[in-house]
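Residue numbers start at 1 and run along the sequence shown.
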Amino acid sequence: MKNIPETNSIRDHSKEVEARVTAIRVSPRDCCMFFQSRTPALGEMRECWYCAWSAFSDNKNLHAQGLCKFKQ
């Protein structure tokens, strides 16, 4: 299990993602232990908004709901 650094995330979805059957609804500031950055960056935020597995319909709205599409 990976250690997740402290963030200002709203919810940690690690257990849901681990046991999921379908995509999980997430908010931009949510997180989980399966985070994978979209692009390499210094000081990146470990939040769903920046995760390669997330899909948000409105890429400019930080309050949008998205889906986590992590595949094990």
Side-chain angles (χ1 to χ4, degrees):
M1 186 178 213
K2 297 178 185 176
N3 289 334
I4 300 174
E6 286 293 319
T7 65
N8 292 327
S9 298
I10 295 172
R11 284 174 289 196
D12 181 346
H13 289 282
S14 296
K15 290 184 186 214
E16 289 173 84
V17 174
E18 206 167 31
R20 81 171 182 83
V21 175
T22 61
I24 297 168
R25 290 201 172 279
V26 294
S27 295
R29 293 184 58 207
D30 292 349
C31 71
C32 80
M33 67 184 185
F34 301 102
F35 175 85
Q36 183 177 348
S37 179
R38 290 179 197 262
T39 58
L42 293 175
E44 71 187 12
M45 302 285 288
R46 295 182 61 87
E47 298 174 350
C48 292
W49 185 259
Y50 303 103
C51 184
W53 300 113
S54 67
F56 290 91
S57 59
D58 184 351
N59 291 332
K60 295 180 180 172
N61 182 359
L62 288 174
H63 301 288
Q65 288 289 306
L67 296 174
C68 174
K69 297 185 175 184
F70 175 75
K71 296 178 183 173
Q72 293 188 20

Minimal non-hydrogen separation, [X] against [Y], with atom names:
| X | Y | answer |
| --- | --- | --- |
| Ser27 | Arg11 | OG-NH2, 3.2 Å |
| Ala55 | Lys69 | CB-CE, 4.1 Å |
| Phe56 | Trp49 | CE1-CA, 3.8 Å |
| Asp12 | Cys32 | OD1-CA, 3.5 Å |
| Glu47 | Phe35 | O-CE1, 3.4 Å |

Please report the interatomic distance [atom1]([X]) to [atom2]([Y]), rounded to the nearest 0.5 Å.
| X | Y | atom1 | atom2 | answer |
| --- | --- | --- | --- | --- |
| Arg46 | Met33 | CZ | CE | 11.0 Å |
| Tyr50 | Ser37 | OH | OG | 10.5 Å |
| Asp30 | His13 | CG | NE2 | 3.5 Å |

Answer yes or no: is there a side-chain heavy-atom contact under 4.5 Å between [X] and [Y]?
| X | Y | value |
| --- | --- | --- |
| Arg29 | Cys48 | no |
| Leu67 | Arg25 | yes |
| Ser54 | Arg38 | yes |

